[in-house]
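Residue numbers begin at 1 in each chain, while the letters A, B, ... track the order of the sequences.
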Amino acid sequence: MPAALLGRKLGMTRYFLEDGENIPVTVLQVGPCVITQLKTPDADGYAAVQIGFEERRAHRSTQPLIGHDAKAQTTPKSEHREIRVDASELDEFEFGTALDVSVFEDVKYVDVVGQGKGKGFQGTMKRHNFRGLEASHGVKRRHRSPGSINGHATNLGTGPKIKRGKRMSGHMGDKRISVRSMDVVAIDKENNLLVVKGTVPGPNTGLVFVREAVRLNRRKTRLAKAGS
Amino acid sequence: MNAQELVESTVSDQLKSESDLPNITVGDTINVHVRIIEGDKERIQIYQGVIIAMRGRGANRMITVRRIVANEGVERVFPLHSPRLSKIEVVRRGDARRAKLYFLRGRVGKSRRIRDQRRGLKHVNSSSS
């Protein structure tokens, strides 16, 4: 199974490398998670491991979920997430096994998935990096407007509506965002902390899903090869 | 531990201890020994100036040091806990009555100087020595 856990974003700080360079880092508290279900190709049509994270008070949970977690001999969990694995690997896992940050011990790069901060209803300048109109030359109270959105023409040709997917004002943020191939800077097994270089989507205390990097970019592939 | 304490705990072992750092405040003139790495060689450059601002805490503690080079003001911001700062020496204790001395930027000539701290140094000197 690729190393993967659920966790929470705690906050950011500064980390000094050996040569004195300082880098921005995000501290994540990942795990402990519990394997709550094994999905098998026979029963479910695909192979996956389901992990649960964080306690939920029983009276806040629902009977189906309490029963589900009880099967794995564990207390009710508030978050569940599936990790796809190869069917042949399923035997390696067992109900109720606890996973903590040590699964990332030998991992150099991780992907972090979180829910980005919501920005509310935003105009095109902030949302799509439009330039807006000019500051002068006769522009009247339309300095941040998108300008022309083209004539009425549907995807099929002319028509009563404008083309679908036209970038306009609207709700921005609060989307699921994956940040790929973040460097793992440090691991604190005592407190289940994972320190990664760079920024992670979402607010402090936000839920994040951390997994071993699926695919590295060219530079990091080279570095990983040189390091191993 | 709460979240903030956990975040700070990850870098706590990187911070310089109280005894490594001299007791410095805004207004002091200091010598900053900066380690400069050129290829595989390393040398130390001394940067002398007045601390005009201190901000942040923990690993984020920063000092802004202002000096005059060739009649031109130069300000450098150092992370206090950076390993690139090998040493900080206090040259002169200044008497600053505010936390940020940005007004020095507009000063020219003699008015650029800061009055020496004369009083209240007993406990500072005893703790740093």
Other residues, nucleotides, ligands: >12 heavy atoms within 6.0 Å of B:R92 CZ: no
Between CD1 on residue B:I63 and OG1 on residue B:T25, distance to nearest 0.5 Å: 11.5 Å
Partner residues of A:A70 under the side-chain contact (heavy atoms from CB on, under 4.5 Å) criterion, sequence neighbours left out: none
Any residue meeting side-chain contact (heavy atoms from CB on, under 4.5 Å) with A:A87, in chain and number order, not counting sequence neighbours: A:P41, A:A47
Side-chain heavy-atom pair B:V74, B:I68 within 4.5 angstrom cut-off: no
Best-contacting candidate, B:I37, B:V7, B:L85, against chain A by heavy atom pairs under 4.5 angstrom: B:V7
Part of A:L28 lying under 4.5 Å from any heavy atom of chain B: neither
Exercise: identify the closest heavy-atom pair between B:V90 and B:N23: CG2-O, 4.2 Å
Quick one: donor-acceptor pairs between chain B and chain A, under 3.5 Å, side chains and backbone, table format.
unit_1	atom_1	unit_2	atom_2	d
B:Q14	OE1	A:F16	N	3.0
B:Q14	NE2	A:F16	O	2.7
B:N60	OD1	A:R14	NE	2.9
B:N60	OD1	A:R14	NH2	3.3
B:R84	NE	A:D19	O	3.1
B:R84	NH2	A:D19	O	3.4

For B:F78, all residues meeting ring pair (Phe, Tyr, Trp, His ring centres under 6.0 Å), sequence neighbours excluded: B:Y47
